[in-house]
**Q** 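One structure is given below, represented as structure tokens, and several questions about it will come after.
Heavy atoms only: backbone and side chains are in, while hydrogens, waters and symmetry mates are out.
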2 protein chains.
Amino acid sequence: MSQTVDRALSILPLLAQGPADLGQVAERLGVHKSTALRLLRTLHEHGLVHRQQDQRYRLGARLFALAQEAVENLDIREIAHPYLTALNERIGHTVHLAVYEEGEVLYIDKVESRYPVRMYSRIGKPVAITVAAVAKLLLADLPEPERRAVAGKLDYPPYTSRSTPNAAAFLKELATVREQGWATDLGGHEESINCVGAPIRGADGRVVAAMSVSAPNVVVTAEELLSLLPQVRGTADAISREYSGEAPTKEASA
Amino acid sequence: MSQTVDRALSILPLLAQGPADLGQVAERLGVHKSTALRLLRTLHEHGLVHRQQDQRYRLGARLFALAQEAVENLDIREIAHPYLTALNERIGHTVHLAVYEEGEVLYIDKVESRYPVRMYSRIGKPVAITVAAVAKLLLADLPEPERRAVAGKLDYPPYTSRSTPNAAAFLKELATVREQGWATDLGGHEESINCVGAPIRGADGRVVAAMSVSAPNVVVTAEELLSLLPQVRGTADAISREYSGEAPTKEASA
DNA sequence: AATGAGCGTTGCACATCCCGCAACGTCCAC
DNA sequence: GTGGACGTTGCGGGATGTGCAACGCTCATT
């Protein structure tokens, strides 16, 4: 919509792939060097871009700060965190929290056995959207046209033999998920990893986030993991209730 | 430098404080609503801002993805190299850069008087992990359980009479290193070689790499080498700052 | 049910501000 | 010493962003 800003912002994903010098930026942007220079300078003044010793540009610190602030401002994360921790302490396995945004599903929190969350190493990473339990939960709740549109645009990488193969299978799986109110990923992303997840809903009943529990099948079989479903759903429902405005339950500290 | 981009980017820190509607954005930017709308639309198309149910704007998901990608592509070696070279030119001795990965410590860069050595010559050749200064620095920062696990699995070859003899001694040494923020290897690997090293930290304070200066004691005594510690730490800190996104200092060219 | 306030959105004419050009300075390699 | 590559600068033309005013919509109020 705004040419100048559009060009400037296009520089960011370009630099995310790795440092680049002025000429490379100008070329990949399809503009004159002097134009690229002005854009980069502006980005630099705002700290979004950083210039290293060899004068090449890379993404700057303010970007990380912004990303962190943004994730901290997600109130669902704040509310959910104690519940996730409590569940993790009870059952030991890795617990994920994810949201849907603009065609992507992103992890926004993670609690791993004994290890505190490492902000930048995992959170913010886009989920394997065609197979992850949390992705199924979030997409299953989209309005039908959007759901269909998203499913049609996706790639369906065959991570394993049990990965979702195509849009038709995916939509069918989403229908099942929506009906039963929970989802699984049984070796669809990595052969030996199983997940079971449940949706977190706002006051209006719409799914605002999804959580899942993951474990390698050398530790627990898929059946054993499924037996944890009531606890996962219980936690998700407790989060939903608090998010919807009810007083916190004992669930978080149980 | 570019007014339009400047205004657009000014929206981001504004939204970082919390969601805002069009009017608020326009007012705080000091522009007309229609202008703010166009800027927000452009930001929206790039996924940097997100529009929530109540139509208010907040920071978007792509911000996380960008930060994530950027961190993964941060190449410590590239950033550190000019600093290492500068230090080498100032003090003359061999300078090493190393990282920890999957239970091993690897040299990833080395600057020897006048001869920069490519990583290939050294990679795959693990560091003498129980005695090297860089190894101590990297292991000292691991979470306690992992540190203990690694220390327990190691062999403790008696390279010299001053080599680390066993896991208990090693863990004790690591505790010292973590506390003082630097490390040495005084004849622990080869009788006549001393090293002094310092950690390089990421924005979150975690040790991402370590560097050291080595010299044979026929050239400089251990005491003389230790007197270089401030310069080593200064260099390591400068690298840490640039790696974390701060503007480069004069350190590299001093 | 009618009214009006508040907000986001649209089309438009003006002139601002961005664009590409070409030339310069600098650094490095040959 | 010379050529090339790269970043940088000033400048004129014109594309592009700007603010204005009017419109549609939702919602609260009467």
Side-chain angles (χ1 to χ4, degrees), chain A residues 1-12 14-15 18-46 48-60 102 143 202-204 206, chain B residues 1-12 14-15 18-46 48-60 78-79 81-86 88-89 111 114-116 118 242 247-248 250 252-254:
Chain A
M1 288 268 136
S2 168
Q3 188 188 65
T4 317
V5 177
D6 185 45
R7 286 172 170 174
L9 297 183
S10 299
I11 293 177
L12 297 179
L14 195 152
L15 289 185
D21 61 31
L22 179 62
Q24 293 169 334
V25 171
E27 188 192 6
R28 300 190 58 179
L29 218 56
V31 300
H32 195 270
K33 278 187 304 179
S34 60
T35 303
L37 180 65
R38 236 170 319 105
L39 299 177
L40 280 166
R41 274 219 255 256
T42 310
L43 290 168
H44 181 75
E45 279 185 6
H46 285 260
L48 297 186
V49 150
H50 173 68
R51 199 151 199 198
Q52 42 189 38
Q53 242 73 21
D54 57 5
Q55 293 203 322
R56 292 193 304 164
Y57 296 91
R58 64 175 174 86
L59 295 184
E102 314 278 339
D204 55 0
R206 289 200 18 161
Chain B
M1 284 268 142
S2 168
Q3 188 189 63
T4 316
V5 178
D6 185 46
R7 285 173 170 173
L9 297 183
S10 299
I11 294 177
L12 297 179
L14 196 152
L15 289 184
D21 62 31
L22 179 62
Q24 294 169 335
V25 171
E27 188 192 7
R28 300 190 57 177
L29 264 186
V31 300
H32 195 270
K33 278 187 304 178
S34 60
T35 303
L37 179 65
R38 232 170 326 102
L39 298 177
L40 280 166
R41 272 219 254 255
T42 311
L43 288 167
H44 180 77
E45 278 186 6
H46 286 261
L48 296 187
V49 306
H50 176 68
R51 199 147 197 200
Q52 40 190 32
Q53 273 86 352
D54 57 5
Q55 293 203 321
R56 290 192 306 165
Y57 295 92
R58 62 170 174 80
L59 294 183
E78 256 181 77
I79 292 172
H81 192 77
Y83 292 91
L84 304 183
T85 305
N88 168 266
E89 276 170 12
V111 186
R114 310 276 179 275
Y115 299 103
R118 292 250 170 219
E242 181 169 348
K250 304 293 179 200
S253 49

**Q** Need the bend value for the helix from dA1(C)-dT30(D) to dC30(C)-dG1(D): angle between end axes, 5 pairs each end, nearest 10°.
**A** 40°
**Q** Does the side chain of T35(A) come within less than 4.5 Å of L29(A)'s, by heavy atoms?
**A** no
**Q** Of all residues at least two apart in sequence or in a different chain, which pass the side-chain contact (heavy atoms from CB on, under 4.5 Å) check with A8(B)?
**A** V5(A), L39(B)
**Q** Which residues pass the side-chain contact (heavy atoms from CB on, under 4.5 Å) test with R206(A), not counting sequence neighbours?
**A** D141(A), D204(A), Q53(B)
**Q** Could you write nucleotides 5-17 of chain D as a row of B, S and -, 5' to 3', where a protein heavy atom under 4.0 Å of any base atom gives B, of only sugar-phosphate atoms gives S, and otherwise -?
**A** --BBB------SS
**Q** Return the set of residues passing side chain to side chain donor-acceptor pair (under 3.5 Å) with R41(A) (not counting sequence neighbours), or none when no residue passes.
**A** none
**Q** Under the rule for side chain to side chain donor-acceptor pair (under 3.5 Å), what residues qualify as partners of R38(A), not counting sequence neighbours?
**A** none
**Q** Who pairs with E27(A) by side-chain contact (heavy atoms from CB on, under 4.5 Å), at least two apart in sequence or on another chain?
**A** none
**Q** Would you please name every residue forming a side chain to side chain donor-acceptor pair (under 3.5 Å) with D6(B), sequence neighbours left out?
**A** H46(A)
**Q** Below 4.0 Å from chain A heavy atoms, what is the first contacting nucleotide of DNA chain C and what is the last?
**A** dC18(C) to dA22(C)
**Q** Which residues pass the salt bridge (charged side-chain N to carboxylate O under 4.0 Å, His left out) test with R28(B), sequence neighbours left out?
**A** none
**Q** For R7(A), check salt bridge (charged side-chain N to carboxylate O under 4.0 Å, His left out) against everything at least two apart and list the hits.
**A** none
**Q** Just to verify, what does S34(A) make a side chain to side chain donor-acceptor pair (under 3.5 Å) with, not counting sequence neighbours?
**A** H32(A)
